Amino acid sequence: MKNKHLRLNILFTACAIGFIQHASATELSYEHQYEDVSKDNVDEIELSHKFDSGFKLAGTLKFKPHEQANGDSGKAFHDDRWHESKISASYSIQLNDHWQLTPGVSWSRKQNAYKYKPSLKLKTAITDDTHASIRYRKEITDASGKETKKVDRIDLGVSHKIEDVTLGYTYTYYHGNQNLFDKKRNDYQHEIEAAYKLTKTFSPYIAVKNESVSSKTDQRQTEFDIGFTLKI
């Protein structure tokens, strides 16, 4: 039995070394999110690893400050507590010089809910500096004591690079089996983003989103994101 375990450990180590030797990039990213109506603050840390084969693995942790005694949202960077964990995997297939297809899946857990999100993304290079993409994602949420929530999500994105600056815009459309916005089963989101390649390994960025506040009203809010990506 010991020899069997030893052989398995050696095989696992050899496979791990082989993966590392063929690794393309490892990235560490951090993002702080703030919503101007709900006053929610969220901190997100992600570690991802992409291989030359096109396979990518990522792990994400989200933290949120504990709410104040009067019920208001917690203050940024104060008494942060675990909010959500996520693992994801994707595989990029280069169809030709201009088109790329990427199937993916993620699984996440919050305190009282689990989320499963399979997706398929198609990306094209319009020019060397301009890219466009479309992604379909099915978002399935199982929450304790509630009906399973199923949402179909479509993202339409475009990005353009100007020297060391990359600008992007994404429009997102949602349709679910439950009310999502203004007592309707449809919702939408706008996002603009700007990233600056400060060095070969470090890129700070900012993003602004327009999103719904509640499934019961037509109120919208702005989410401000600021973060960075570090290549290791």
Side-chain angles (χ1 to χ4, degrees), residues 23-52 54-65 75-78 80 83-84 86-92 94 97-102 104 106 119 121-135 137 153-173 188-211 220-232:
S24 173
T26 299
E27 290 186 349
L28 174 68
S29 64
Y30 165 78
E31 180 177 286
H32 180 78
Q33 306 163 1
Y34 172 73
E35 298 172 342
D36 66 345
V37 175
S38 67
K39 308 299 182 184
D40 279 350
N41 289 275
V42 176
D43 293 289
E44 178 179 304
I45 300 173
E46 179 178 282
L47 182 65
S48 64
H49 197 78
K50 187 174 182 180
F51 301 91
D52 289 338
F55 184 65
K56 181 178 180 180
L57 286 173
T60 307
L61 291 174
K62 292 185 179 182
F63 300 90
K64 189 175 181 180
K75 297 180 180 180
F77 312 113
H78 178 72
D80 277 1
H83 178 61
E84 184 176 348
K86 181 176 72 173
I87 56 174
S88 57
S90 63
Y91 182 69
S92 297
Q94 198 67 41
D97 292 339
H98 300 284
W99 293 90
Q100 184 184 79
L101 186 67
T102 305
S106 71
S119 64
K121 181 178 181 180
L122 182 64
K123 182 178 180 180
T124 183
I126 300 174
T127 68
D128 290 341
D129 298 321
T130 305
H131 295 80
S133 65
I134 180 171
R135 182 182 70 168
R137 188 167 79 181
R153 169 176 175 163
I154 297 177
D155 299 295
L156 300 172
V158 61
S159 65
H160 182 68
K161 184 179 179 182
I162 306 172
E163 295 183 352
D164 292 329
V165 176
T166 301
L167 303 174
Y169 168 75
T170 303
Y171 172 79
T172 302
Y173 172 78
Y188 64 92
Q189 177 180 282
H190 299 281
E191 178 182 2
I192 57 174
E193 180 179 348
Y196 178 65
K197 189 177 180 180
L198 188 62
T199 69
K200 292 182 178 180
T201 59
F202 184 74
S203 299
Y205 66 87
I206 57 173
V208 180
K209 299 176 184 177
N210 174 270
E211 61 184 17
R220 310 289 296 179
Q221 69 178 353
T222 302
E223 178 182 299
F224 300 93
D225 303 338
I226 183 171
F228 64 83
T229 299
L230 177 67
K231 292 184 179 180
I232 302 173

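No experiment lies behind these values; they were computed from the predicted model shown.
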Where do [X] and [Y] come nearest, in terms of heavy atoms and distance?
X      : Y      : value
Ala194 : Leu167 : CB-CD2, 3.7 Å
Arg153 : Thr172 : NE-CG2, 3.5 Å
Val37  : Arg220 : CG2-O, 3.9 Å
Thr102 : Gln100 : OG1-OE1, 3.9 Å
Tyr34  : Lys39  : OH-CD, 3.3 Å

Measuring from [X]:[atom1] to [Y]:[atom2], what's the distance to the nearest 0.5 Å?
X      : Y      : atom1 : atom2 : answer
Tyr173 : Ile154 : OH    : CD1   : 8.0 Å
Thr201 : Leu28  : OG1   : CG    : 11.5 Å
Phe55  : Ser90  : CZ    : OG    : 7.5 Å
Ser203 : Leu198 : OG    : CG    : 8.0 Å
Arg135 : Leu122 : CZ    : CG    : 13.0 Å
Glu27  : Lys56  : CD    : NZ    : 6.0 Å

Hey, is Lys64 close enough to Asp40 for a salt bridge, meaning N to O under 4.0 Å?
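A salt bridge links Lys64 with Asp40.
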
Ion pair Asp155/Arg137, N-O distance below 4.0 Å:
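The answer is no: the pair does not qualify as a salt bridge.
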
So with a 6.0 Å cut-off around NZ of Lys121, is the heavy-atom count from everything else above 12?
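12 or below, so no.
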
Would you indicate whether His98, at its atom NE2, is surrounded by more than 12 heavy atoms from other residues, nucleotides or ligands within a distance under 6.0 Å?
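Atom NE2 in His98 is not packed in, count stays at 12 or less.
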
Determine whether Glu211 and Glu35 satisfy the following criterion, side chain to side chain contact (heavy atoms under 4.5 Å, CB included), listing intermediate values before the conclusion.
CA-CA 9 Å; Glu211 61 184 17; Glu35 298 172 342; 2.9 Å; yes

Please confirm whether the ring centroid of Tyr188 lies under 6.0 Å from the ring centroid of His190.
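So the answer is yes for these two rings.
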
Would you say the ring centers of Phe228 and Tyr205 fall short of 6.0 Å from each other?
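No; Tyr205 has its ring centre 6.0 Å or more from that of Phe228.
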
Is there a side chain to side chain contact (heavy atoms under 4.5 Å, CB included) between Asp43 and Tyr30? Walk through the geometry before answering.
CA-CA 7 Å; Asp43 293 289; Tyr30 165 78; 2.5 Å; yes

Expected output: side-chain [X] to main-chain [Y] donor-acceptor under 3.5 Å:
X      : Y      : result
Thr166 : Ala195 : no
Asp36  : Thr222 : yes
Thr127 : Asp129 : yes

Taking C-beta and beyond as the side chain, do [X] and [Y] meet within less than 4.5 Å on heavy atoms?
X      : Y      : answer
Asn41  : His32  : yes
Ile232 : Leu47  : yes
His131 : Lys123 : yes

Would you mind telling me which of Lys86, Glu46, Glu44 makes a side chain to side chain donor-acceptor pair (under 3.5 Å) with Thr60?
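The side chain to side chain donor-acceptor pair (under 3.5 Å) with Thr60 is passed solely by Glu46 among Lys86, Glu46, Glu44.
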
Test ring-ring contact (aromatic ring centres under 6.0 Å, His included) on Phe51 and His49 and set out the steps.
CA-CA 7 Å; Phe51 301 91; His49 197 78; 4.8 Å; yes

Under the side chain to side chain contact (heavy atoms under 4.5 Å, CB included) rule, what do Glu223 and Gln221 come out as? Steps first, then yes or no, please.
CA-CA 7 Å; Glu223 178 182 299; Gln221 69 178 353; 6.0 Å; no

For the pair Asp225 and Lys209, evaluate salt bridge (Lys or Arg N to Asp or Glu O under 4.0 Å) and give the outcome as yes or no after the intermediate values.
CA-CA 8 Å; Asp225 303 338; Lys209 299 176 184 177; 3.6 Å; yes

